[in-house]
**Q** 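So that we are looking at the same thing, I have put the structure below in C-alpha cells.
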Amino acid sequence: MSGRLSDDDAAALAANLMDHRSRLMTRSPITDDIALSVEDAYRIQSDVTALRFARGERLAGWKLGYTSLAMRTQMGIGSANFGPLTDAMLLTDGATVGRDLIHPRVEPEIAIMFATDLDHPHSIDDVLAAASGAYACLEVVDSVFADYRFRLEDNTADGSSAARVVLGPLLASLNDLDAVEVALVRNGVEIARAYGSAASGHPVLGVIWLAEQLAATGRMIRCGDVVITGGLTAAVPLDPGDTVAATFGWDVTVTVYR
C-alpha cells in the first residue's frame with residue numbers, strides 16, 4: 001500500500017496502536033509494511049487522540065519531539081515532530097510511574113505554561129509574553145514499537161511516543177532559557193549534561209514552529225496549555241526500581257520513580 005491512506009485505514013491503524021498499548025505489547029513499525037507520508041502519520045495521530053478523548057481524556061497541551069541533536073542521533077530521526085498531551089499523562093514532581101507502560105525512557109525538558117492563547121507568534125518575545133512560566137520537566141516516553149525501532153512517520157503516528165510528563169518546580173525566570181544547564185541523573189549516577197539551547201537552539205523557537213504547524217490545521221496553543229519543548233539529552237531507561245532526576249541550574253530538581 002502506498003500514497004494517501006483512506007480514512008478507514010487510518011482509523012484501523014490508530015485502533016491497532018491503542019490496542020497494543022492497552023495490552024502492553026509492542027509491534028513492528030507501520031512503515032515496514034506500508035508507505036506513510038508525514039500527513040498520513042498526523043492523520044493516524046489525530047485518530048489515536050480521538051480514541052483517547054472518547055475514553056475521557058482531555059487535551060492538556062503539546063509535546064515537541066527531536067528538537068535536539070542528542071535525541072535525533074539516539075533515535076536516527078532527521079527532523080522534529082509534535083504530538084498532543086492529555087491530562088492523563090500529567091504527573092507531579094516525585095511521582096511513581098506504574099507498570100502500565102511498555103518500556104519507558106526518560107529525558108529532561110523545559111516545559112512552558114501559557115496564560116493566554118498563542119496565535120501566530122513571530123518571535124521569542126511573542127511566546128514569552130503569552131507564557132505564565134517555565135518549569136523543570138521530565139518526559140517519560142514509551143514507544144509502542146519494539147526496541148524503539150521506527151521512522152519519523154511511525155513515531156508521529158504514535159504521538160511522538162508521549163506517555164507521561166512530570167512537571168517539576170518553576171524555573172526562576174523565563175529569560176535565558178537557552179542558557180539553563182541541566183544534569184540528568186539515573187540511580188545516583190550522572191548520565192549527561194546539556195543546556196536549554198540543545199532544544200532547537202532555544203526552547204521557544206520550537207514553540208514558534210509548533211504554533212505554525214497547528215495553525216496550518218486551524219488549531220493553536222491555548223490558555224492553560226503546557227508545551228514541553230523537547231529532550232535536552234538522550235533518553236535513559238526507566239526500569240522497575242529506578243530513580244531518574246534532572247537538576248536545572250544549581251538547585252531546581254525534578255524526579256520520577258518506577
Side-chain angles (χ1 to χ4, degrees), residues 1-2 4-5 9-52 59 61-86 88-89 101-109 137-165 198-200 206-207 209-210 212-214 216-217 219 227-238:
M1 184 187 299
S2 62
R4 188 178 188 274
L5 286 180
D9 287 337
L13 286 165
N16 180 270
L17 293 177
M18 287 291 283
D19 178 62
H20 277 78
R21 279 200 176 279
S22 68
R23 292 187 290 138
L24 302 183
M25 293 180 62
T26 58
R27 56 154 290 162
S28 61
I30 299 168
T31 55
D32 279 1
D33 301 313
I34 64 174
L36 284 184
S37 67
V38 173
E39 179 188 18
D40 288 333
Y42 279 113
R43 290 174 59 230
I44 297 168
Q45 182 189 107
S46 180
D47 286 341
V48 167
T49 304
L51 292 171
R52 290 184 179 277
L59 187 68
W62 303 92
K63 68 153 292 182
L64 287 157
Y66 309 105
T67 60
S68 72
L69 178 61
M71 283 303 301
R72 290 194 299 274
T73 299
Q74 182 183 28
M75 303 311 302
I77 296 293
S79 58
N81 66 3
F82 68 91
L85 301 176
T86 73
M89 298 178 183
L101 298 180
I102 303 169
H103 47 180
R105 296 179 178 182
V106 182
E107 54 203 59
E109 307 201 13
C137 171
L138 292 170
E139 184 184 10
V140 181
V141 295
D142 190 37
S143 177
V144 77
F145 301 112
D147 302 318
Y148 278 81
R149 183 180 67 84
F150 47 66
R151 298 174 180 85
L152 176 68
E153 293 81 6
D154 302 294
N155 179 255
T156 299
D158 189 35
S160 191
S161 299
R164 302 289 186 271
V165 175
S200 305
V207 179
W209 177 82
L210 171 63
E212 292 170 348
Q213 305 308 304
L214 294 176
T217 54
R219 298 174 291 178
V227 176
I228 58 174
T229 54
L232 300 175
T233 72
V236 296
L238 183 64

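The first residue of the sequence shown is numbered 1, and numbering continues consecutively from there. This structure is a prediction, so every number in the text was calculated from the model and none was measured. Reckoned from all heavy atoms, side chains included, excluding hydrogens, waters and symmetry mates.
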**Q** Check the pair V227 / L210 against side-chain contact (heavy atoms from CB on, under 4.5 Å), numbers first and verdict last.
**A** CA-CA 9 Å; V227 176; L210 171 63; 3.8 Å; yes
**Q** Is there a donor-acceptor pair closer than 3.5 Å between any side-chain N or O of D40 and the backbone N or O of S37?
**A** yes
**Q** For residues 229-236, dump all side-chain donor-acceptor pairs below 3.5 Å to protein atoms at least two apart in sequence or in another chain.
**A**
{"unit_1": "T229", "atom_1": "OG1", "unit_2": "I110", "atom_2": "O", "d": "2.6"}

**Q** Indicate yes or no for a side-chain donor-acceptor contact from D158 to the backbone of V144 under 3.5 Å, with no hydrogens or angles considered.
**A**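 Confirmed, D158 side chain pairs with V144 backbone.
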**Q** Assess whether side-chain contact (heavy atoms from CB on, under 4.5 Å) is satisfied between E39 and E153, documenting all intermediate values.
**A** CA-CA 9 Å; E39 179 188 18; E153 293 81 6; over 6 Å; no
**Q** Are I102 and M25 close enough that some pair of their side-chain heavy atoms sits under 4.5 Å apart?
**A**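 No; the side chains remain at least 4.5 Å from each other.
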**Q** Using 0.5 Å steps for rounding, measure from the OG atom of S46 to the CG atom of L51.
**A**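 One gets 10.0 Å once the value is rounded to the nearest 0.5 Å.
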**Q** Restricting to side-chain contact (heavy atoms from CB on, under 4.5 Å), what partner residues turn up for A146, sequence neighbours left out?
**A**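 side-chain contact (heavy atoms from CB on, under 4.5 Å) list for A146, sorted by chain: T26.
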**Q** Enter the distance from D9:CG to I30:CD1 here, rounded to the nearest 0.5 Å.
**A**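 It comes to 11.0 Å.
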**Q** For L85 and V165, run side-chain contact (heavy atoms from CB on, under 4.5 Å): C-alpha distance rounded to whole Å, both residues' side-chain angles, the deciding distance at 0.1 Å, then the answer.
**A** CA-CA 8 Å; L85 301 176; V165 175; 3.9 Å; yes
**Q** Hey, what's the ring geometry for Y148 with H103, parallel, tilted or perpendicular (30° and 60° as the breaks)?
**A**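 Tilted, since the angle between the ring planes falls between 30° and 60°.
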**Q** Checking D142 now: which residues fulfil salt bridge (Lys or Arg N to Asp or Glu O under 4.0 Å) with it, not counting sequence neighbours?
**A**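 Once residues adjacent in sequence are excluded, the partners of D142 under the salt bridge (Lys or Arg N to Asp or Glu O under 4.0 Å) criterion are R21.
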**Q** If the condition is side-chain contact (heavy atoms from CB on, under 4.5 Å), which residues does A10 pass it with, not counting sequence neighbours?
**A**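 A10 satisfies side-chain contact (heavy atoms from CB on, under 4.5 Å) with L5, R43, I44, D47 once adjacent residues are dropped.
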**Q** Enumerate the side chain to side chain donor-acceptor pair (under 3.5 Å) contacts for residues 63-80, please, sequence neighbours excluded, ordered by first and then second residue.
**A**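 For residues 63-80: K63-E139, K63-S160, Y66-N155.
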**Q** Quick one: are P84 and W62 in side-chain contact, heavy atoms under 4.5 Å?
**A** yes
**Q** If I take atom CG from residue L152 and atom CG from residue D154, how far apart are they, to the nearest 0.5 angstrom?
**A**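 L152 atom CG to D154 atom CG measures 8.5 Å (nearest 0.5 Å).
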**Q** Distance from F150 atom CZ to S143 atom OG, nearest 0.5 Å?
**A** 5.0 Å
**Q** Go through the structure and list residues passing ring pair (Phe, Tyr, Trp, His ring centres under 6.0 Å) with H20, not counting sequence neighbours.
**A** none
**Q** Please test F82 against T156 for side-chain contact (heavy atoms from CB on, under 4.5 Å), starting from the C-alpha separation and ending with a verdict.
**A** CA-CA 7 Å; F82 68 91; T156 299; over 6 Å; no
**Q** D32: what forms a side chain to side chain donor-acceptor pair (under 3.5 Å) with it, not counting sequence neighbours?
**A**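 With neighbours one apart ignored, the set is R149, R151.
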**Q** Please tell me if the side chains of T217 and Y42 come closer than 4.5 Å, counting only heavy atoms from C-beta onward.
**A**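 They are not in contact (no side-chain heavy atoms under 4.5 Å apart), so the answer is no.
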**Q** With rounding to the nearest 0.5 Å, note down the distance linking CG in N81 to CD in Q45.
**A**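 One gets 7.5 Å once the value is rounded to the nearest 0.5 Å.
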**Q** Just verifying a value: how many Å separate R105 CZ and L138 CG, rounded to the nearest 0.5 Å?
**A** 15.5 Å
